[in-house]
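As structure tokens, the structure follows; a few thoughts come after it.
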Amino acid sequence: MRKFWVMIGALLIAAGLFVPTTVQAADDTFKVGMEAGYAPYNWTQSTDANGAVPIQGSSEFANGYDVQISKKIAKALGKKVVVVKTDWDGLPPALTSGKIDAIIAGMSPTPERRETIDFSDPYYTANLTVVVKRDGKFANATKLTDFKGAKITAQLNTYHYDMIKQLPGAIKEPAMNSFPAMRVALDSGTINGYVSEVPEGITAEAANPNLKYIRFSKANGFKTSPDENVSSVGLRKNDPDKAKINAALATISESQRAKLMKQAVAEQPSTSSDGNWFMTIMKQYGPMLLRGTGMTLLISLIGTIVGFIIGLLVGIVRTMPKPKRAGRRGLLAVGQWLLSVYIEVFRGTPMIVQAAVFYYGAAQAFHLNMDRTVAALLIVSINTGAYISEIIRGGITSVDSGQFEAASALGMTHWQTMIKVILPQAVRNSLPAVTNEFIVNIKDTSVLSVISVSELFFSAETIAGQSFQFFHTYLIVSAIYLILTFTISRLFRIVEHRLDGPKDYNVMNNQMQVETPKIG
Amino acid sequence: MQTESIIEIKNLQKKFGDHEVLRDINLDVHRGEVVSIIGRSGSGKSTLLRSINLLETPTSGEIDFNGSNILARDFDLQHYRAKVGMVFQSFNLFNNLTVLDNIVVPQQTVLKRDTATAKQHATEILEQMGMAPFVNAKPAQLSGGQKQRVAIARAVAMDPDVLLFDEPTSALDPEMVDDVLAAMSALAHTGLTMIIVTHEMAFARDISDRVVFMDQGVIAEDGSPEQIFNHPQEARTQEFLKRYLNRA
């Protein structure tokens with residue numbers, strides 16, 4: 001296995017030569033991980049209004065209660081806040097691998113989480129609620145027993161989800177990934193309600209007039225332990241700054257916290273949906289969509305080109321004839337075996353898993369802090385290389401054996417034959433399949449949202465989360481994907497036609513091109 | 001004209017698994033000689049020809065070229081193959097290259113000729129083959145007869161000492177055959193050593209200095225065209241020729 005990793009490493013270095021590895025070692029930044037999509041705790045906005053903080057690697061800003069708390073903590077530490085927008089599930093690995101310094105994302109310090117990370121004192125205490133439809137069956141519920149037969153869900157990997165068992169007779173639906181998704185599910189009627197915290201409930205009401213959160217009285221509400229209904233700052237174990245952070249939190253009084261939350265609720269992005277929906281989305285989020293499209297194109301284009309180069313080299317090595325000398329023969333056999341391991345591993349595992357292992361795993365195991373765009377380019381390149389090497393190998397073996405024989409009979413070496421005769425034909429034969437890989441890459445880069453690469457799908461998720469216009473946003477995004485893939489398939493068709501040339505040869509037209517040999 | 005041997009085959013044997021395709025072949029080819037190999041399909045004539053430039057590796061025996069054993073470990077195979085050209089039944093032109101480049105590229109890569117020299121040489125030979133108007137065509141745009149003339153030009157452009165032809169007209173439509181045979185006759189008259197595996201009996205009789213009849217992996221009879229076609233000694237030669245000449 002060691003050799004395998006050495007080889008992978010060598011491939012990575014080879015593939016990484018063209019991208020400068022960015023090292024971020026600035027010690028004066030306080031990197032805070034959050035979803036930037038859980039208003040009023042945290043959200044994404046396009047300006048720095050109301051004291052918003054820039055999101056790393058994008059031109060968007062984050063704001064909300066968590067951001068304001070982050071700023072206060074950073075001030076106490078003498079640092080500057082940088083928000084690292086990360087999926088909920090990606091937060092703990094991002095923290096332990098050192099991608100971020102703290103999680104400030106409305107996260108509760110549950111015992112399970114305490115096993116892997118440490119927590120500060122609470123910075124907010126919130127009561128639980130159930131968000132329902134304003135005109136639905138459960139709109140008038142006042143106590144937990146009122147939810148018999150209701151289809152209830154909550155966010156994945158939260159204690160909210162465990163709270164559903166306190167609703168007697170409620171049907172526990174599968175947990176969902178994000179609050180915007182649950183709001184849409186509720187609005188469309190696939191669920192009857194979801195468990196949430198009161199601030200989020202206020203936000204949901206404000207964002208969508210069809211929704212309502214249940215105002216439980218103290219006696220009738222959820223029973224929670226002090227661990228659960230509070231939000232704390234997630235820290236790496238033995239973080240030396242923990243005492244300073246707790247001291248900073250202690251200076252924020254209960255009434256100040258209430259004030260901050262009220263302010264956050266008031267400032268969160270509104271979702272006016274008057275006028276043409278298309279124009280509204282484009283006007284507000286056009287640049288974000290454009291940047292997402294650009295990122296998707298960049299990753300899939302470079303990934304396909306580098307993957308093609310990897311695939312070409314691997315395909316050549318895998319079709320090399322056995323050398324006469326035993327030493328070289330052994331070397332080739334080992335190399336070919338390693339390459340087939342590479343192909344099987346990268347074809348046999350999902351790219352989303354590769355990305356997570358590569359980006360978070362490398363940071364955890366080797367403290368290798370990589371720029372996420374670089375990581376994305378590497379993953380897509382290596383993954384594509386595994387597929388294209390098989391395409392090229394097929395292209396090489398499908399070239400008529402007479403071509404090899406003729407070249408050998410003329411005295412050409414294996415390499416001369418490959419470069420002058422076989423590869424041009426193999427590449428031409430592989431073009432349709434390579435086009436396919438390019439198109440697949442355009443679509444599959446969407447899985448890179450797991451490492452928070454702001455490609456098109458990630459932008460779409462953000463926009464949908466902010467605007468609550470799921471259908472419209474994804475309609476626009478699918479149109480963009482379709483335009484990209486259609487254009488690419490047409491372009492490659494034209495290239496193929498140009499390479500093939502006309503079927504017939506016109507002697508009259510071509511006679512003029514005959515070069516007259518110069519005598520002398 | 002009896003000159004020194006250019007190719008000398010001694011006790012050659014070739015097996016594919018347990019199947020013995022060539023048995024104890026002994027054959028001398030002299031410089032400038034035109035030798036035709038005739039015989040039934042499966043008699044081993046193509047395998048013999050392909051063994052001469054090592055497209056097939058003989059199981060045992062020896063092949064000498066100008067006195068040195070080509071099966072020796074340190075033998076310069078690339079250089080030898082440039083000296084021994086081959087024309088295939090299925091042409092095997094390089095599909096990705098134009099007619100001109102098919103002839104120029106091997107000269108550049110193997111003989112290290114500069115582009116201008118290689119192009120001039122190629123153009124002259126294409127002219128002789130009547131293929132000059134097609135220099136910029138791709139193989140897919142040519143007929144079978146045209147392709148085979150380009151393939152011959154490609155082999156000739158390497159200035160070989162020996163040219164091997166493996167049933168060069170078998171894949172052609174009848175009306176294309178004559179052009180190719182004419183080109184080969186012209187080459188035979190330049191004094192080039194040629195070994196031709198063919199089913200064109202009339203052509204073999206007219207062009208050859210010597211005819212070899214093969215049967216079941218051995219050389220059954222070896223003699224002048226006059227001797228083989230008019231006074232065959234062996235019964236199996238007589239039987240083979242009777243069927244072929246009656247059909248022709």
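Numbers restart at 1 for each chain; the letters A, B, ... are given by sequence-line order, proteins then strands. Below, each value reflects all heavy atoms present in this structure, side chains not excepted, and no hydrogens, waters or symmetry copies.
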#### Entry: Neighbour count above 12 (heavy atom, 6.0 Å) for A/R328 CZ
no
### Task
Could you list which of residues 481-490 of chain A have a heavy atom closer than 4.5 Å to any heavy atom of chain B, in residue-number order?
none
## Note on the structure
Cut-off 4.5 Å, heavy atoms of chain B, and the answer for A/Q403 is both
### Query
Would you say A/L410 and B/M158 make side-chain contact, with heavy atoms under 4.5 Å?
yes
#### Entry: Portion of B/V87 that has a non-hydrogen atom of chain A nearer than 4.5 angstrom
neither
### B/N95 vs A/V399 side-chain heavy atoms within contact, under 4.5 Å
no
### Check: A/K420 and B/F94 side chains under 4.5 Å, non-hydrogen atoms
no
### Query
If you measure from CG on B/L55 to OG on A/S401, what distance do you get to the nearest 0.5 Å?
10.5 Å
### Query
What is the minimum heavy-atom distance between A/A409 and B/F88, and which atoms define it?
CB-CZ, 4.0 Å
### Task
Go through the atoms of B/L93 and report whether side chain, backbone, both or neither lie under 4.5 Å from a heavy atom of chain A.
backbone
### Query
Measuring from B/T109:OG1 to A/I419:CD1, what's the distance to the nearest 0.5 Å?
10.5 Å
### Query
Among B/H121, B/R154, B/K83, which residue forms the greatest number of heavy-atom pairs with chain A at distances under 4.5 Å?
B/R154
#### Entry: Heavy-atom side-chain proximity of B/Q78 to A/M412 below 4.5 angstrom
no
### Task
Tell me the residues of residues 423-446 of chain A whose non-hydrogen atoms fall below 4.5 Å from those of chain B, in number order.
A/P424, A/Q425
### Message
As an exercise: rank B/N92, B/V110, B/N96 by heavy-atom pairs under 4.5 Å with chain A and give me the winner.
### Response
B/N96
